[in-house]
Amino acid sequence: MELAAWSAYRVSARSAASRWTRLGAVAFAAEFLTPQDSILPFLPGRMDFARLAELRGVWGVSLHSLVHRCRELGLIFDATASRTYQRLRALDGQPGFTAESVSNFPGERPSLLRQAFELAAKEAGLSVSQLAHELAWTSGRVQDLLGVQEQRPVLRLVQ
């Protein structure tokens, strides 16, 4: 959501159109990061910080984002969301309520990337190192995203 909000704020804040742009960007980000059909069964009907913290770990979004999503989907009222935001501000910095780096989340495993790589490897002889070079990533990162293990020879001790 932060990326969408950042991009929306690049539009002038003075016009009514920019307000709609920001709202649209936030709505898009919320649906992109926490799709309604996927997350709705897991969201609490009342504010449960333990449950929200659990969902934060699964979905990789902030507690504030989850509260916003609960309000947006009609699970809580505006007054409940407001009180929850106030409580979250008071708890900021406490264990379990600090912002987490996105590097703590494993992310998705893109299945189409692996299929595309396998096709390109078969048809054009593309290697992991060539793909890593094209993407300006490390070979290890590409291997991780593709879900392939490094192909190193096995060394054996001969007596």
Side-chain angles (χ1 to χ4, degrees), residues 1-120 128 131-149:
M1 241 199 306
E2 288 80 8
L3 179 58
W6 174 82
S7 63
Y9 282 110
R10 295 191 46 91
V11 177
S12 170
R14 295 187 185 114
S15 70
S18 69
R19 181 175 189 280
W20 287 110
T21 301
R22 283 194 307 278
L23 292 175
V26 169
F28 170 80
E31 186 62 24
F32 182 76
L33 295 173
T34 53
Q36 179 177 344
D37 292 342
S38 299
I39 200 167
L40 188 58
F42 302 103
L43 290 172
R46 355 181 356 212
M47 287 299 88
D48 176 352
F49 286 132
R51 181 70 179 139
L52 291 175
E54 182 182 313
L55 290 172
R56 174 181 68 173
V58 172
W59 289 86
V61 296
S62 69
L63 292 172
H64 286 83
S65 175
L66 290 167
V67 172
H68 177 81
R69 198 67 168 136
C70 286
R71 186 189 58 71
E72 184 179 61
L73 296 176
L75 297 174
I76 61 172
F77 294 108
D78 289 345
T80 303
S82 180
R83 286 190 305 273
T84 304
Y85 291 135
Q86 290 170 3
R87 184 73 180 131
L88 285 174
R89 277 192 295 280
L91 292 169
D92 191 33
Q94 300 293 321
F97 294 94
T98 56
E100 291 191 42
S101 170
V102 294
S103 64
N104 293 337
F105 298 97
E108 297 180 31
R109 298 282 178 219
S111 59
L112 290 179
L113 179 62
R114 182 174 182 152
Q115 292 173 10
F117 171 75
E118 288 171 352
L119 179 64
V128 170
L131 180 59
H133 178 76
E134 286 294 318
L135 296 173
W137 293 346
T138 65
S139 291
R141 175 72 174 144
V142 172
Q143 289 171 342
D144 185 45
L145 287 173
L146 293 174
V148 297
Q149 300 297 322

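Position 1 is the first residue of the sequence; numbering continues from there. Side chains are part of it too, since the values below use all heavy atoms of this structure and drop only hydrogens, waters and symmetry mates.
Each side chain to side chain donor-acceptor pair (under 3.5 Å) pair with one or both residues in residues 32-45, not counting sequence neighbours, appears once here: T34-R69. Applying the salt bridge (Lys or Arg N to Asp or Glu O under 4.0 Å) test to every pair with at least one member in residues 40-55, sequence neighbours left out, gives these pairs: R51-E54.
In plain terms, the two heavy atoms of L33 and W59 that are nearest each other are O-CE3, 3.4 Å. Heavy atoms only, all atoms of each residue included: V67 and I76 are closest at O-CD1, 3.9 Å. W137 and L145 make their closest contact through CZ3-CD1, 3.3 Å (heavy atoms, listed as atom of the first residue, atom of the second, distance). Considering all non-hydrogen atoms of both residues, E72 and A30 come closest at OE1-CB, 3.7 Å. Nearest heavy atoms, C70 versus M47: SG-CE, 3.9 Å.
The CG atom of L119 sits 13.5 Å away from atom CZ of R114, with the distance rounded to the nearest 0.5 Å. Annotation: the span from R71 atom CZ to L43 atom CG amounts to 13.0 Å, rounded to 0.5 Å.
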Solution key, residues 83-96 side-chain donor-acceptor pairs under 3.5 Å, sequence neighbours excluded:
| from | atom 1 | to | atom 2 | distance (Å) |
| --- | --- | --- | --- | --- |
| R83 | NH2 | T80 | OG1 | 3.4 |
| T84 | OG1 | T80 | O | 2.7 |
| Y85 | OH | H68 | N | 3.3 |

* Show your working on side-chain contact (heavy atoms from CB on, under 4.5 Å) between V58 and F42 and close with a plain yes or no. => CA-CA 11 Å; V58 172; F42 302 103; over 6 Å; no

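Looking only at side-chain heavy atoms (C-beta outward), P44 and L75 stay at 4.5 Å or farther from each other.
For F49, the ring pair (Phe, Tyr, Trp, His ring centres under 6.0 Å) test picks out F97, with sequence neighbours left out.
Put simply, the side chain of R56 never gets that close to the backbone of S62: no donor and acceptor are under 3.5 Å apart.
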